[in-house]
**Student:** 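This structure is in structure tokens; I'll ask about it shortly.
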Amino acid sequence: MSNSYIYSRLYAWFESNKRVLPWRETDDPYCIWLSEIILQQTRVAQGMEYYLRFVARWPRVDDLAAADEAEVLREWQGLGYYSRARNLHKAAQMIIEGRKNKGESWFPCTFAELKALPGVGEYTAGAIASFAYNEPYPAMDGNVYRVVARLFDIDEPFDTTAGKKLFHKQIELLLDRANPRLFNASIMEFGALQCTPVLGDNCGVCPLQGVCLSYEHGTADLLPVRKPRAKVKDRWLTYHVYLCEGDTLIRRREAKDIWYHLYEFPCDEHTGEWPKTKGEKAIELTHVLSHQRLHARFIVHRVKELPAIPETIRVAWPELDDHALSRLTLRALETIIP
Ligand code: SF4
């Protein structure tokens, strides 16, 4: 199949179907970097709100670097995968540090410099290098893996080392080196809107149907292939919500486990199921993370005096919102009435 045939059809499709997204309207590497970190593991509709808030609050990398980590985590609240926010903040500080030697407006601009930033992997470095600097690097997100798997009818799992190598080789052959920015934006959008996980009738109106090997072989619905999923670990947690004169106790997680540096109610972890505990009211929630299923029980204790629990802080109930809380805690707060 000819690459130029694919480019002309893909770009015409992109021109008519692309969504208007603020990070596509700029070539400011800071804004593009911010959007790429926010959009990792996040849907565009949800990420948009966070992107606009971050850019409004910290319009330049200097502003983000000068912020307190707790403020950044607070602004990130609800997006999950908080290591992204910590890395974003750390990377902003590294860039400002780098400016001491490289000049006051320096921003990482080569693939290697971008990839050296915390939280920036192969995909993100390729995306920033191509979108901000039009450098010829592919940006293989999940949508692009799917398009490549189907166009070339590749049934190798794309998330193994061997699979990644194979897909990268294929995208390197397909990449439009004269227009990497346009190519990456088009193929990503094509995967998001046209060559979707569930195809429905999309193949019937697809501009690449004539060169799509999986369409020809009738295998499109079976692709891409993933390696078998790792076993999910179950954990049982009891949270204690103490209430005393409108105040409660929270504690910051310090263990490099889940939700590092986020706040939650004091918690006991149990092996196996929850033990019996005294309390006024229990709310039970199941919370699923990528490799863990958390079975959480929140017990409300109305007390005359708050107990002395190490590392907790006392806060007024309305001020809980001033702290970066884990998603599970936020879910519980939808139900707990102080
Ligand atoms: S024909 Fe179907 S599977 Fe092939 S690229 Fe188009 S939408 Fe994807």
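When a ligand or atom number is given, it counts from 1 through the structure's own listing order. Each residue takes its place number in the sequence, starting with 1.
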**Student:** Rounded to the nearest 0.5 Å, what separates atom CG in Asn3 from atom OH in Tyr7?
**Tutor:** 4.0 Å

**Student:** Under 4.0 Å between a Lys/Arg side-chain N and an Asp/Glu carboxylate O for Asp321 and Arg74?
**Tutor:** yes

**Student:** Is the positively charged end of Arg53 above the ring of Tyr50, judged by distance under 6.0 angstrom from the centroid and angle within 45° of the axis?
**Tutor:** yes

**Student:** For the atom pair CG (Leu52) and CD1 (Ile38), what is the distance rounded to the nearest 0.5 Å?
**Tutor:** 9.0 Å

**Student:** Salt-bridged, Glu189 to Arg24, with N to O below 4.0 Å?
**Tutor:** yes

**Student:** Are Glu69 and His261 linked by a side-chain donor-acceptor pair shorter than 3.5 Å?
**Tutor:** yes

**Student:** Check which protein N, O or S atoms are less than 2.8 Å from atom 8 (Fe) of ligand 1 and report how many there are.
**Tutor:** 1

